Structures are given as structure tokens and as C-alpha cells.
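Here's the structure, in C-alpha cells; my notes come after.
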Amino acid sequence: MSNQHNEKEFEKIIQEVEELDEQGKLEAEVHTVSETYGLHEDDDREDILFFIAENIFEHGRITI
């Protein structure tokens with residue numbers, strides 16, 4: 001895949017993750033990431049969502 005294609009796909013995933021977060025559907029995942037990496041669920045929310053998006057991009061979709 002081209003780098004441009006990867007960037008567009010990753011942007012789509014980030015948008016999807018942000019929408020799911022707004023709907024409250026990622027609370028378990030956010031909690032797991034915050035516990036695992038010592039991040040604050042609210043203060044580090046952007047970093048946590050980015051990590052979730054990266055994980056989806058690298059390993060495939062998650063089912064919610």
C-alpha cells in the first residue's frame with residue numbers, strides 16, 4: 001500500500017475511534033490502556049485514543 005493510502009486509512013480509523021469515544025463505547029479499552037501505560041483516563045485521553053487507533057490500524061478492527 002502507498003504511504004498516502006495508509007495515511008488516509010489511519011485518519012478514518014482515528015475519526016471512528018473519536019466517534020466511538022463520544023458515544024461512550026470505548027470506556028473499557030480506555031481504562032485498559034490507561035492502566036497498562038500509567039496514563040490518566042481524562043488528561044491523557046487524546047494519547048489513549050491515538051494508541052487505540054494505532055492498534056486497530058496495525059492489528060485489525062475491534063468489535064464493540
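All of these numbers come straight from a predicted model, not from anything done at the bench.
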Does the side-chain contact (heavy atoms from CB on, under 4.5 Å) test come out yes or no for Glu27 and His31, once each step is laid out? CA-CA 6 Å; Glu27 289 307 310; His31 180 73; over 6 Å; no
Aromatic contact between Phe50 and Phe57, with the criterion being ring centroids under 6.0 Å apart: yes or no? no
Could you measure the distance from the CD atom of Glu41 to the CD atom of Glu35? Nearest 0.5 Å is fine. 7.0 Å
Rounded at 0.5 Å granularity, tell me how far NZ in Lys8 sits from NE2 in His5. 9.5 Å
Heavy-atom closest contact (Ala53 atom, Ile14 atom, distance): CB-CG1, 3.8 Å
Within the 4.5 Å heavy-atom criterion, are Ile52 and Ile13 side-chain neighbours or not? no
Kindly indicate, with the supporting measurements, whether the criterion side-chain contact (heavy atoms from CB on, under 4.5 Å) is fulfilled by Leu20 and Gln23. CA-CA 5 Å; Leu20 290 170; Gln23 297 168 7; 4.0 Å; yes
Counting only heavy atoms not in Glu46, do more than 12 fall under 6.0 Å of its CD? no
Donor-acceptor pair, Asp44 side chain versus His40 backbone, under 3.5 Å? yes
Roughly how far apart are Glu58 CD and Phe10 CZ, rounded to 0.5 Å? 8.5 Å
Looking at every non-hydrogen atom in both residues, tell me the closest pair between Leu49 and Asp21 and how far apart they are. CD1-OD2, 3.5 Å
If I compare all heavy atoms of Ile48 with all of Ser34, which pair ends up nearest, and what's the gap? CD1-CB, 3.9 Å
